[in-house]
Protein chains: 2
Amino acid sequence: MPANRRPVDREAKREEIVRAAAAQFLEVGFDETSMARLSAAAGVTTNTVYWYFEDKDALLVAVLDQLLADALLQREQVADRPWTEQVLWAVDRLERMRRLVAVVHARAATSPAVGAWHERFHALADDLLADGFRDAGAAEEDLAARTRVGVFVLEGLLTHPQPEQERRAVVELLTAGLHR
Amino acid sequence: MPANRRPVDREAKREEIVRAAAAQFLEVGFDETSMARLSAAAGVTTNTVYWYFEDKDALLVAVLDQLLADALLQREQVADRPWTEQVLWAVDRLERMRRLVAVVHARAATSPAVGAWHERFHALADDLLADGFRDAGAAEEDLAARTRVGVFVLEGLLTHPQPEQERRAVVELLTAGLHR
DNA sequence: GGCGCTCTTGAACGTCATGCAAGAGAAGGT
DNA sequence: ACCTTCTCTTGCATGACGTTCAAGAGCGCC
């Protein structure tokens, strides 16, 4: 039990660093953002960052968690739209994170922390998509395959940006034959 | 015009380096393979590698070109199998390059050379898949969307390994309703 | 035999992620 | 009021990396 505690800060400062890191990672790129630059953007020294985060990968995971939480929160507001529209909304919403998708895939092979996050993310994505397809009237027998295709297409649309029209065509092909 | 030339070597040595690099990139990973380690594996010094290749990204592109050429060559031998089997064969064949897919996506954003290769690759993949789907009897109107989904699923299956059975289920969903 | 080219090498540079040891500042116990 | 203890911050160092520079070595051609 802590015999001591700084006013409040702790959580607040951590979040501040995460926010600064997120901005840098999204705009500049993960590999391209040095810990020095990142720390400067957050208004602290590099060592301070290392006080709050084990290493750069841990910071990446924190950023991913925050971005994902934001997205999930916003999702509630479109939960009643038709399934096709929900998927298109997700693509649009997640596109800002485009650069991070490739980074996660690359680091997941090396960093256990990022690897674990990647698995958690796919479990969540699988659940959400399976629910959506089920509600939209997909046959139970090919639900698993359809879900997996859905996830792959989602990732593909994120990492290989397409014009609005193509995007819609692709998603509509995915939901073809469903009653909603 | 060259007033001079070493016996044969030139092309041979270049290829030797590419082969060594390919082995390292596939087994160890691109980020994890240092130029020093790579050069040692090829039996030369790092500077020698820099004589043949502009930088690490150029070497990556050379490796990708070689791997792709190999795969295309082998493909001819399965060109007469049913379309579904061809796609499954491609997934199986390309799986060795799994780690490189993420690397290409990550570096494409930064390195113009890798970016260009990535675009070339997708143009080729689009062509091959479109031809395949057309031959398999896909409707001309949703050929483009189907092709794009195909590419995304292919990349997805590469980067997120699935058990044989799941893989087949996914690919069969893609080719559902086609007469071959 | 010397010029010029291709190729190779040794040593260096700048940047990066990260580690270490020392300190600042505020509770809490006495 | 002092001193310990804990959280947090900092300056400096380290080792690895990608890449560059300047100097050669060996061969073909005049």
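Predicted model only: the values in this text are computed from it and were never measured. By convention in this document, chain letters (A, B, ...) are assigned in the order of the sequence lines, proteins followed by strands, and residues within each chain are numbered from 1.
- If you measure from atom CG of A:Asp31 to atom P of D:dG18, you get 12 Å, rounded to the nearest angstrom.
- Shown for residues 38-56 of chain A: residues whose heavy atoms fall under 4.0 angstrom of DNA chain D, namely A:Thr45, A:Asn47, A:Thr48, A:Trp51, A:Tyr52.
- In this structure, the side chain of A:Arg148 does not engage the main chain of A:Leu143 through any donor-acceptor pair within 3.5 Å.
- Rounded to an integer number of Å, the gap from CG of B:Leu60 to C1' of D:dG18 is 15 Å.
- In this model, the phosphate group of C:dT6 is not approached by any side-chain N or O of B:Lys13 to a distance below 4.0 Å at OP1 or OP2.
- Taking 4.0 Å as the cut-off between side-chain N and carboxylate O, B:Arg146 and B:Glu140 do not count as a salt-bridged pair.
- Note: A:Phe152 and B:Phe152 fail the aromatic proximity criterion, with ring centroids not under 6.0 Å apart.
- The nearest whole Å value for the distance from the CZ atom in B:Phe30 to the C1' atom in D:dC17 is 12 Å.
- Rounded to an integer number of Å, the gap from CD of A:Glu16 to C1' of D:dT9 is 15 Å.
- One side chain, B:Thr175 or B:Thr84, offers a donor N or O that lies under 3.5 Å from an acceptor on the other.
- When rounded to the nearest whole Å, the span between CE of A:Met35 and C1' of C:dG14 equals 19 Å.
- No more than 12 heavy-atom neighbours from other residues, nucleotides or ligands sit within 6.0 angstrom of CD on B:Glu54.
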Check: residues 102-119 of chain B side-chain donor-acceptor pairs under 3.5 Å, at least two apart:
unit_1: B:His105; atom_1: NE2; unit_2: A:His160; atom_2: NE2; d: 3.2
unit_1: B:His105; atom_1: NE2; unit_2: B:His118; atom_2: NE2; d: 3.3
unit_1: B:His105; atom_1: NE2; unit_2: B:Glu155; atom_2: OE2; d: 3.2
unit_1: B:Arg107; atom_1: NE; unit_2: B:Asp57; atom_2: OD1; d: 2.9
unit_1: B:Arg107; atom_1: NH2; unit_2: B:Asp57; atom_2: OD2; d: 3.0
unit_1: B:Thr110; atom_1: OG1; unit_2: A:Glu32; atom_2: OE2; d: 2.4
unit_1: B:Ser111; atom_1: OG; unit_2: B:Ala113; atom_2: N; d: 3.4
unit_1: B:Ser111; atom_1: OG; unit_2: B:Val114; atom_2: N; d: 3.2
unit_1: B:Trp117; atom_1: NE1; unit_2: B:Asp65; atom_2: OD1; d: 2.9
unit_1: B:His118; atom_1: NE2; unit_2: A:His160; atom_2: NE2; d: 3.2
unit_1: B:His118; atom_1: NE2; unit_2: B:His122; atom_2: NE2; d: 3.0

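- Rounded to an integer number of Å, the gap from CZ of A:Arg14 to C1' of D:dT7 is 15 Å.
- With salt bridges taken as basic N to acidic carboxylate O contacts below 4.0 Å, none links A:Glu27 and A:Arg96.
- Of the residues in residues 102-110 of chain A, none lies under 4.0 Å from DNA chain D by heavy-atom distance.
- Taking the ring axis of A:Tyr50 as reference, the NZ or CZ atom of A:Lys56 does not stay both within 45° of it and closer than 6.0 Å to the ring centre.
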